Number of protein chains: 2
Amino acid sequence: MSEATPPAAATTRDEPRPSPPEPVAPVRPEPVVSVRPEQAVPEQAVRPALTRERIVRAAIGLIEADGPEALSMRRVATALDVAVMSLYNHVPNKKALLEGVAEHVANRLDLADDPSAPWPERARALVRAHRKMARDFPRSLTVVLSHKVDTPAGLRPAERALAVAAAAGFDGPTSVRAMRALLAYAVGTQMRELRVAEAFAHLGTPAADSFARLDPDEFPHVIALASELAENDTEADFEFGLDLLITALQLRAARA
Amino acid sequence: MSEATPPAAATTRDEPRPSPPEPVAPVRPEPVVSVRPEQAVPEQAVRPALTRERIVRAAIGLIEADGPEALSMRRVATALDVAVMSLYNHVPNKKALLEGVAEHVANRLDLADDPSAPWPERARALVRAHRKMARDFPRSLTVVLSHKVDTPAGLRPAERALAVAAAAGFDGPTSVRAMRALLAYAVGTQMRELRVAEAFAHLGTPAADSFARLDPDEFPHVIALASELAENDTEADFEFGLDLLITALQLRAARA
DNA sequence: GCGACGTACGTACGTTGTACGTCCGGCGTA
DNA sequence: TACGCCGGACGTACAACGTACGTACGTCGC
């Protein structure tokens, strides 16, 4: 390894790795003689080749580490150890990069489906897949939720949902509405969890003393249920609401 | 060919397009003599006195006009015809301003409640109030949804919801969960409508031809229901999902 | 050999949020 | 009446941002 690396080399660290001592040769010593082109390159393992895929991954990494508002083209560039403008050879602008992030994350949705299972269970699995995505990419979620995804990747969950609805025996319009209701619930849950998570990140337990200062005449129920409100078993909360929707749908399906 | 004009440019084109004829007196002609302080003010209508309230209102106006990402302190300042830094005498920073926006909008929630009505109707009214807010301040919604509101204003809807849940006979934990499920649904619906609205703002009807290009093997249901999917009766969609949740809650209440 | 081309890069511009210092007009006290 | 204080309005300044543009270099088809 690394025997006879004559010209200080270009680090070629492929990852978010600033490479401590070297100037990374931004100045390029000389265009001088020597170094016959044919034999110069191959074994040196130049650099992993900048690519839209790598850029998107780096962006996701930064978002998950520091939050979406901390993402900047400059930070992505330094994470990849390239110049800022090089990114623009693979991504037209920041908005497009964020769309790439959204699509990438959306593609991680686990849409495994067992058509032989009873439809309520299939529906549950579908909504739970959304929730799992929220757990895997918590901070990228805002990006996903605020970018329209009309690519095939974005439509795939819809396809699955409509398939399940058809299996339940719903007619066309009802299927669409049922899908939308479940989707709305999934999205809303994710938003709620996100806010809870961010709140906890900023302060310890903000609610505890906040409730104490409330006017007991105006907020009797909030105060009485303070302990329940402070507790956040997101899993149980999620399943509760999901259960409501599914049982209501079952009831509706049975009537037809 | 290098318009190397060193200082020449700068142009100082100040705005997109505000206030057609007037310079709006940004320069303040003179602090001259005359104008006795006692009788000077009332009829002259100097300037409405910069205030946090006015700043927040201006911000909301700008957000509703141009979208939340177009909001900048500089734009708020010019809208109010003051210098940028003057804003900071009333608002510590932009984030705080956005929280002010969120709180202001949240306060517009119509929480009228008739305790003598049957609880399912009261619950419906509560969720519908959220929806109405979404209709009144569509673009400010993202701001509201992404800012934790733990002020009394933010807790008021929770109080109402818990009161309704208590009227339905739910115990404490169930009340909290029911409230959260309804809230998640309301939030999710709003997010969905928002995305639909923004999509329509950008292009005519993007879906129509988008569906045509899909692989029929992978997206049979989406294609079959293309017309239903293209149609967006947000009102009916909303009521459908709300109905699911309410009937499921009624069922649960009846079992206790 | 040579041109065309794709990609990495540096420079530069306009816009953003906001720290900091200055200035002024009205108020409390002497 | 005089004076000093203070809060609010303002200008200047800076770092960080997104990105338009021009350039330099490696590779590939002739």
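On a predicted model such as this, the values are computed, not experimentally measured, just so you know. We name chains A, B, ... by the order of the sequence lines, and we start the count at 1 in each one.
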Taking the side chain as every heavy atom from C-beta outward, state whether R195(B) and M191(B) have any pair of such atoms under 4.5 Å apart.
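Heavy-atom side-chain distance check fails, nothing below 4.5 Å.
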Quick check for you: to the nearest 0.5 Å, what is the distance between D110(A) atom CG and L126(A) atom CG?
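Between atom CG of D110(A) and atom CG of L126(A) there are 10.0 Å.
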For [X] and [N], give me the distance from atom [atom1] to atom [atom2], rounded to whole Å.
{"X": "L80(B)", "N": "dA9(D)", "atom1": "CG", "atom2": "P", "result": "11 Å"}
{"X": "I55(B)", "N": "dG8(D)", "atom1": "CD1", "atom2": "C1'", "result": "11 Å"}
{"X": "H90(B)", "N": "dT18(C)", "atom1": "NE2", "atom2": "C1'", "result": "16 Å"}
{"X": "N89(A)", "N": "dC25(D)", "atom1": "CG", "atom2": "C1'", "result": "13 Å"}

Short question: side chain of S72(B), backbone of R75(B) - any donor-acceptor pair under 3.5 Å?
yes
Any sub-3.5 Å donor-acceptor pair from Y185(A)'s side-chain atoms to F238(A)'s backbone N or O?
yes
Quick one: do [X] and [Y] make a salt bridge, cutoff under 4.0 Å?
{"X": "R135(B)", "Y": "E235(B)", "value": "yes"}
{"X": "R192(B)", "Y": "D237(B)", "value": "yes"}
{"X": "E218(A)", "Y": "R156(B)", "value": "yes"}

Where do N or O atoms of nucleotides 17-21 of chain D meet protein N or O atoms at under 3.5 Å, pair by pair?
unit_1	atom_1	unit_2	atom_2	d
dC17(D)	OP1	S72(A)	OG	3.3
dC17(D)	OP1	R75(A)	NH2	3.0
dG18(D)	OP1	M73(A)	N	3.4
dG18(D)	OP1	K94(A)	NZ	2.8
dG18(D)	OP2	M73(A)	N	2.9
dG18(D)	N7	R74(A)	NH1	2.5
dG18(D)	O6	R74(A)	NH2	3.1
dT19(D)	OP2	Y88(A)	OH	2.9
dT19(D)	OP2	K94(A)	N	2.8

Using the salt bridge (charged side-chain N to carboxylate O under 4.0 Å, His left out) rule, collect all pairs that involve residues 55-74 of chain A, keeping only residues at least two apart or in two chains.
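Every pair satisfying salt bridge (charged side-chain N to carboxylate O under 4.0 Å, His left out) with a residue in residues 55-74 of chain A: E53(A)-R57(A).
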If the helix axis at each end comes from five base pairs, how far does the helix from dG1(C)-dC30(D) to dA30(C)-dT1(D) deviate from straight, to 10°?
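Taking five pairs per end, the axes differ by 0°.
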